[in-house]
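Reading through the structure tokens given below for one structure.
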2 protein chains.
Amino acid sequence: MPVERKAGEGGGAVVGFRPLYRQVKERLVRRIAAGEWQAGRIIPSEFQIAAELSVSQGTVRKALDEMTAENLLVRRQGVGTFVASHDEDRILFQFFKLTRDDGGREFPDSQVLAVERARANAEEAARLSLARGSHVVRIHRLRSLGGAVAISEHIAVPAARFPDLERSEPVPNNLYGLYGGRYGVTVARATESLKAVPCPEADAALMGIAPGMPVLLIDRLATDLDGQEVEWRVSLCRTDRFHYLSDLK
Amino acid sequence: MPVERKAGEGGGAVVGFRPLYRQVKERLVRRIAAGEWQAGRIIPSEFQIAAELSVSQGTVRKALDEMTAENLLVRRQGVGTFVASHDEDRILFQFFKLTRDDGGREFPDSQVLAVERARANAEEAARLSLARGSHVVRIHRLRSLGGAVAISEHIAVPAARFPDLERSEPVPNNLYGLYGGRYGVTVARATESLKAVPCPEADAALMGIAPGMPVLLIDRLATDLDGQEVEWRVSLCRTDRFHYLSDLK
DNA sequence: CGTCTTATGTCTTATACAAGACTAATAAGC
DNA sequence: GCTTATTAGTCTTGTATAAGACATAAGACG
């Protein structure tokens, strides 16, 4: 592997230097981002990658270690290393924090109310870093937990990255799985901002609660491997029988 | 180091086996938990620990790697490895998730309203795993962000682990720093459960908002290195100008 | 159909060397 | 003689590599 070397020892600042294993990691991440290695598929063995890049297996392993820690890869001893896929179990653990008060964790059901393609409004364009006049696909759906409607959710994604998403019938329950499987878009991170607000009338009617009742507003911005914004999602959640679980460690 | 060996190869399940570096890690964690290594202090070098336990430096390093990833240690190349202390910066990053809407992150001021020692009620005893009749110390305080009161907070800790806490004057702003520095209790993890609720009259008056206004209720249970419950904290937060930030990755 | 062998992964441990940081001795300048 | 800058030494963590142990699955074989 063509290694980035440090600047001459004479005194130059070594600004561009990164350890070898990070250079390896970056190249491997790029392969996933480019779709060369697809979600759920196995990747070459540590020795194969090491030989290809002319580094030792231990160096590759350290790169894979970090990627595994970031939930990008899944390893199975004796079998191989796989690109993590957004299956329901992973979503439930990593991205879905609303839980029944009795503690049972489950993947919510979805009932899609509307799907449309339209020009992004100012707020959508700002949050998704879109140019003026770009299109988005909007999805509005209700989500149920343990049989009861718990969430009213508005989603916006850039239409350019998800062609014909508005015509996909039916819209699957697990959206991130669709993003990865059909469009090769990997949701790597998300930032959620939470507030307590009075429930608007429209959503209250849909969720079967009194208007003005306090609900949890979750504003989520999801980004892909390159840090590009991929999805903006605003969820209104009942918290009379549910709660948002956050582990600090 | 007396290594745990695997069961005979004849076919027994290798239930008790753990890798060497995890055995090392566990021993080192125990030293911190026992107060042998105190918060903020430097620990012996990797080679010293390796020699003492009769393992290689790389094995010690792997144990320290994991402990660093868990925010238990802080490393400084060329200097040494230190036991992480609960200074304000770390708290802000790890345990304090409420942020001003304009994005500025800061450590909140505190105004203590009441401190008392009393027998634990049923709920406190349950949450803190205390025996019937045990005592707790209760603290009620207001916390301000950017000059405005943002949080009304009720805290309960086992009196047995924090003797004379109710007589400590004044109660410091950074409680976890006090737990570690004066009582040798390290808060390692915390679980927060969030709900949107109408603000009770008493707290509304204290925070200067209308009663019944939606506020964020944060129910936090903090545990030490051994998983023992250390503190139960219920915070009511205004979210009209603040929000709870949660990074999913 | 069950058991053993073998091939091929990842996992663990060990070792060597590089890079950063502090200390103290040393030399230059006033 | 005192101060200050430099430099060598040494101790620390960081990086890279190699070799053997362990886990798994598939095929050979009875």
Side-chain angles (χ1 to χ4, degrees), chain A residues 1-28 37 41-69 72-84, chain B residues 1-26 28 41-69 72-84:
Chain A
M1 176 166 177
V3 180
E4 299 170 6
R5 287 291 166 207
K6 304 184 64 166
E9 300 170 5
V14 275
V15 286
F17 176 75
R18 285 163 305 167
L20 191 50
Y21 73 92
R22 280 199 187 276
Q23 300 176 40
V24 171
K25 176 187 172 188
E26 194 157 312
R27 288 181 69 148
L28 302 186
W37 289 347
R41 306 282 294 270
I42 196 171
I43 70 173
S45 78
E46 296 177 352
F47 278 102
Q48 280 178 282
I49 299 174
E52 183 196 347
L53 302 182
S54 303
V55 298
S56 80
Q57 174 255 355
T59 302
V60 173
R61 160 157 274 271
K62 196 156 182 177
L64 298 185
D65 276 344
E66 288 201 355
M67 295 171 71
T68 302
L72 248 122
L73 299 175
V74 175
R75 299 215 258 209
R76 289 174 55 198
Q77 185 175 181
V79 182
T81 304
F82 301 80
V83 180
Chain B
M1 177 167 178
V3 181
E4 298 171 7
R5 287 290 166 207
K6 304 184 63 166
E9 301 171 3
V14 274
V15 286
F17 175 76
R18 284 164 305 166
L20 191 50
Y21 73 93
R22 279 198 187 277
Q23 300 175 39
V24 171
K25 176 187 173 188
E26 193 157 314
L28 302 186
R41 306 282 293 271
I42 197 170
I43 70 173
S45 78
E46 296 177 352
F47 277 102
Q48 280 178 282
I49 299 174
E52 182 195 348
L53 302 182
S54 303
V55 299
S56 83
Q57 174 254 355
T59 302
V60 173
R61 161 158 278 271
K62 195 155 183 178
L64 298 185
D65 276 345
E66 287 200 355
M67 293 170 71
T68 302
L72 247 117
L73 299 175
V74 176
R75 299 217 254 210
R76 288 175 55 198
Q77 183 174 5
V79 182
T81 305
F82 301 80
V83 180

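Side-chain atoms of B:Glu66 and B:Tyr21, non-hydrogen and from C-beta on, do get closer than 4.5 Å to each other. Within the 4.5 Å cutoff, no side-chain heavy atoms of A:Val24 are placed close to those of A:Leu64. Between B:Leu72 and B:Leu28, every side-chain heavy-atom pair lies at or beyond the 4.5 Å cut-off. When side chains are defined from C-beta on, B:Val83 does not count as touching B:Ile42, because their heavy atoms never get closer than 4.5 Å.
A donor-acceptor pair under 3.5 Å is absent between the side-chain atoms of A:Thr59 and the main chain of A:Val55, judged by distance alone. Between the side chain of A:Gln48 and the backbone N or O of A:Ser45 there is at least one donor-acceptor pair closer than 3.5 Å.
At whole-Å resolution of the value, CZ in A:Phe82 and P in C:dT10 are 9 Å apart. Between A:Ile49 atom CD1 and C:dT10 atom P there is a gap of 8 Å when expressed in whole angstrom units. In this structure, B:Leu73 places its CG atom 11 Å from P of D:dG14, rounding to the nearest Å. The distance from atom CG of A:Asp65 to atom P of D:dA16 is 13 Å, rounded to the nearest whole Å. Here the P atom of nucleotide D:dT13 and the NZ atom of B:Lys62 are 18 Å apart, to the nearest Å. One interatomic measurement links the two molecules: CD1 of A:Ile42 to C1' of D:dA26, which rounds to 14 Å at whole-angstrom precision. Protein atom CD of A:Glu66 is 12 Å distant from nucleotide atom C1' of D:dT15, rounded to whole Å. In this structure, the CZ atom of A:Arg22 is 17 Å from the C1' atom of C:dA18, given to the nearest Å.
A distance of 15.5 Å separates CZ in A:Phe47 from CD in A:Glu52, rounded to the nearest 0.5 Å. Rounded to the nearest 0.5 angstrom, B:Ile49 CD1 and B:Ser54 OG are separated by 13.0 Å.
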Can you list, pair by pair, the side-chain donor-acceptor contacts under 3.5 Å of residues 73-81 of chain B, counting residues two or more places apart and other chains?
from    : atom 1 : to      : atom 2 : distance (Å)
B:Arg75 : NH1    : B:Glu46 : OE2    : 3.0
B:Arg75 : NH2    : B:Asp65 : OD1    : 2.1

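Inter-axis angle, ends of the helix from C:dC1-D:dG30 to C:dC30-D:dG1, five pairs per end, rounded to 10 degrees: 10°.
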Please write out the pairs of protein N or O atoms and N or O atoms of nucleotides 2-9 of chain C separated by less than 3.5 Å, giving the distance to one decimal.
none

I'd like a list of close polar pairs between nucleotides 14-16 of chain C and the protein, N/O only, cut-off under 3.5 Å.
from   : atom 1 : to      : atom 2 : distance (Å)
C:dA14 : OP2    : B:Ser56 : N      : 3.1
C:dA14 : OP2    : B:Ser56 : OG     : 3.1
C:dA14 : OP2    : B:Thr59 : OG1    : 2.9

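Contacts of B:Lys62 classified as side-chain hydrogen bond (donor to acceptor under 3.5 Å, both in side chains), with partners at least two apart in sequence or in another chain: none.
Taking only side-chain nitrogens and oxygens, A:Arg61 never comes nearer than 4.0 Å to OP1 or OP2 of C:dT10.
Closest approach of A:Pro44 and A:Trp37 over heavy atoms only: CD-CZ2, 3.6 Å.
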